[in-house]
Amino acid sequence: MTGTGPDGRFSGVVTNAVFSLPKRFLVGRPLRSEQMGETLLPKKLALPVFCSDPLSSVAYATEEILLMLSLGGLALLHLTWWVAAAVIVLLVVVVASYRQTCHAYPNGGGAYTVSRENLGVNASLIAASALLIDYVLTVAVSVVAGVANIASAFPVLAPHAVEVSIGLVVLLAVVNLRGVKESGSAFAIPTYGFVASVAVMIIVGAIRALTGHTPVAESASFGIHATQSVSGLLLVALVLRAFAQGCTALTGVEAVSNGVPNFKPPKSKNAATTLAIMGGLAITMFAGVTALALATHVRVAADPANLTGVPAGYEQKTVIAQVSAAVFGGSSSPLFYLVQAFTAAILVLAANTAFNGFPILASILGEDGFLPRQFSRRGDRLVFSNGIVILTLLAALLIWAFDASTTRLIQLYILGVFVSFTLSQWGMVRHWSRLLPTADAAGRRSIHRSRMINGVGGTLTALVLVVVLITKFTHGAYIVCIAMPILFVLMKAIRRHYDRVAAELRPGDEGVTLPSRIHGIVLVSKLHTPTLRALAFARATRPSTLTALTVRTTPAETEALQQEWSERGIPVPLTILDSPYRDITGPILDYVARIRRKSPRDVVCVFIPEYVVGSWWEHILHNQSAFRLKARLLFRPGVMVTSVPWQLGSALEPDSAELTRREDATLAARHRVRSGVG
């Protein structure tokens, strides 16, 4: 960061890293590249890091099914089991399909990599745009749903849902900036606590039901007023919409295939095993919660006003909250609060799946030139910090824009993930088909089996994609349908830019032509130490011509400069430019342009003396004319800009300051000897 000198003109300012201490406190000390192996995850930590999203879906997938079916009244709730069973079948197929991806593509990348290698660039960018958008939605939906569960236990927080949600997103970002392994350690207890608490709830509920003491939900006596009479095609449409909502249980499944490189060896095997464990846990918990919701006669409605027989002041709770209260004997039970605490924690931490998937995918896209290259660089803690920061900002903006409403955000959800599911599975079918001709008999049987798994998965996810698109389009999914093409076009434009720049920078057979002459220009506003140092450095470079350049804005100051210049006998001519409008930048640019017009093959090198300050507040005290001048000169062909820094005492470390004092004392002594003084 550059600024100006004491006179407010041609010097620069480089501030200290004033935020380094808070950064180290929040993020931790930097890790060396050689320590990358220390960040790899065992399966027990990979599960909370990559699988918190699909595991957390248990907390609201059943509720989404019930909310949709309740639009038709109590008569349709018996269809819940059939819808849930269809979701479970689909989850089994998708998990099996992505296990194949883990083995076939151990370098990660998931749907994007599979589509790029088998279906082409355009298909891969469609998958990437769908996933990037879905990751942002995952963070927003997960955190907002978690806050909603917290508000079920503590209603006083409900009016502050937006602020609490954004605060939690920032907290998740900070934890992830500390590193993948540290985030896994931090999230392990909430994830395993949620699994354990839901398992206890299911076991206790099952025992009570089998012993004739079936729990009863607080809403069991309520009726539900149907919003419309449903039959025929309307009934089919409502059931399909309930199925689409229930498919939120599949979100995040692809994150494991994206993050295979983060697993400990054998990477593919450990990733596939983790995926299988996740699938088993998610299916068991989803089926258990659904069974208990039906057994306890939970009643929920998209519009609480459609509930009948409700006492005054009743606040509708989430399905898992009602089930846990019924199983554990009421909302005052410690176990109820334990389930709510872990549910809220896992829903918030479900966003962690996106905090790992989004930066990894963005880094691969950055390496391929479809996103800015900065996304491909790891930060101090060997994580892709830029991706984490961007994801945080986008998710916070989405939460604010939709007023932290789970109902509104959920309508945008899962469309993108099923686009990536479908492309990934058909890409894998193409992958196996390409391997088939070169395989032996045993290999061909294995490939046929794998291709069948991916083919079934691709067919089912394509059908679900159509259902989701039709049932959710008018309810908000159209926003995703607009955002995906925009992101697709943006990524193509970024790649074209990088290709164009690479073509321009590619050297020709003749190489680079040497400049005929180099004209040195030292910018001068006052004859102080930084100026003298810049003059000395410019002379040492031995340009073809060298001149000192100043702009006359105040005649008295310019006359004083001329007099001091003459008295010191500086062996560099001083050129004075007039500026009747007191502008500094314009006359300098015109002067440089005249030199370039006179001899286009010549190069002009502008030396700018600048000093370095040590505090941010010192930077505020000086304007940015030097910075603006540099920015303008950078766009002039054949012009080089060289900064000659002079560190002030506030910017020097103690050892450097002492060395500078010794150098100054030595130079002063030599001057006295030459002058015959002392």
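The backbone N or O of V327 sits less than 3.5 Å from a side-chain atom of R208, completing a donor-acceptor pair. Within the 3.5 Å criterion, the main-chain N or O of K44 finds a donor-acceptor partner in the side chain of Y192. A donor-acceptor pair is defined here as one N or O able to donate and one able to accept, closer than 3.5 Å; no such pair exists between the side chain of S115 and the backbone of Y112. Not one N or O on the side chain of S424 forms a donor-acceptor pair closer than 3.5 Å with the backbone of F421. No side-chain donor-acceptor contact under 3.5 Å links S333 to the backbone of G330. Between the S57 side chain and the D53 main chain, a donor and an acceptor come within less than 3.5 Å of each other.
The shortest heavy-atom contact between A326 and P215 is O-CB, 3.5 Å. Considering every non-hydrogen atom in both I346 and S56, the closest pair reads O-CB, 3.5 Å. Heavy atoms only, all atoms of each residue included: L69 and L79 are closest at CD1-C, 4.0 Å. Summarising the geometry of A255 relative to Y135, their closest heavy-atom pair is CA-OH, 4.2 Å, with the distance given to 0.1 Å. Counting all heavy atoms, side chain and backbone alike, I224 lies closest to V300 at CD1-O, 3.8 Å. Smallest separation of non-hydrogen atoms from A354 and V139: CB-CG2, 3.5 Å.
Remark: S420 OG to I126 CD1 distance equals 12.0 Å, nearest 0.5 Å.
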For S70 and L66, what are the C-alpha separation, side-chain angles and deciding distance, and is it a side-chain contact (heavy atoms from CB on, under 4.5 Å)?
CA-CA 6 Å; S70 69; L66 290 172; 5.9 Å; no
Assess whether side-chain contact (heavy atoms from CB on, under 4.5 Å) is satisfied between L91 and V253, documenting all intermediate values.
CA-CA 9 Å; L91 183 56; V253 171; 4.0 Å; yes
Stepwise, does the side-chain contact (heavy atoms from CB on, under 4.5 Å) test hold for V87 with L250?
CA-CA 8 Å; V87 172; L250 279 76; 4.0 Å; yes
With side-chain contact (heavy atoms from CB on, under 4.5 Å) as the criterion, how do C247 and L90 come out once you've worked through the C-alpha distance, each side chain's angles and the decisive distance to 0.1 Å?
CA-CA 8 Å; C247 285; L90 185 61; 3.9 Å; yes
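Residues L76 and L235 have side chains in contact (heavy-atom distance under 4.5 Å, counting atoms from C-beta outward). For the pair V480/L137, a side-chain contact is recorded, criterion being any heavy-atom separation below 4.5 Å from C-beta on. Proximity of V195 to F342: side-chain heavy atoms (C-beta onward) are nowhere separated by under 4.5 Å. Residues I453 and V93 form no side-chain contact, since every pair of their non-hydrogen atoms from C-beta on lies 4.5 Å or further apart. With a 4.5 Å cut-off on side-chain heavy atoms, Y337 and S324 do not count as touching.
Checked by atom type, the side-chain pair Q322/S219 shows a donor-acceptor distance below 3.5 Å.
When each of L168, L171, V164, I166 is tested with V143 by the rule side chain to side chain contact (heavy atoms under 4.5 Å, CB included), just one qualifies, namely L168.
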Determine all donor-acceptor pairs shorter than 3.5 Å in which one atom belongs to a side chain in residues 271-281; sequence neighbours excluded.
from	atom 1	to	atom 2	distance (Å)
T273	OG1	K269	O	2.8
T274	OG1	N270	O	2.8

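In the displayed structure, W81 atom CH2 is contacted under 6.0 Å by more than 12 heavy atoms of other residues, nucleotides or ligands.
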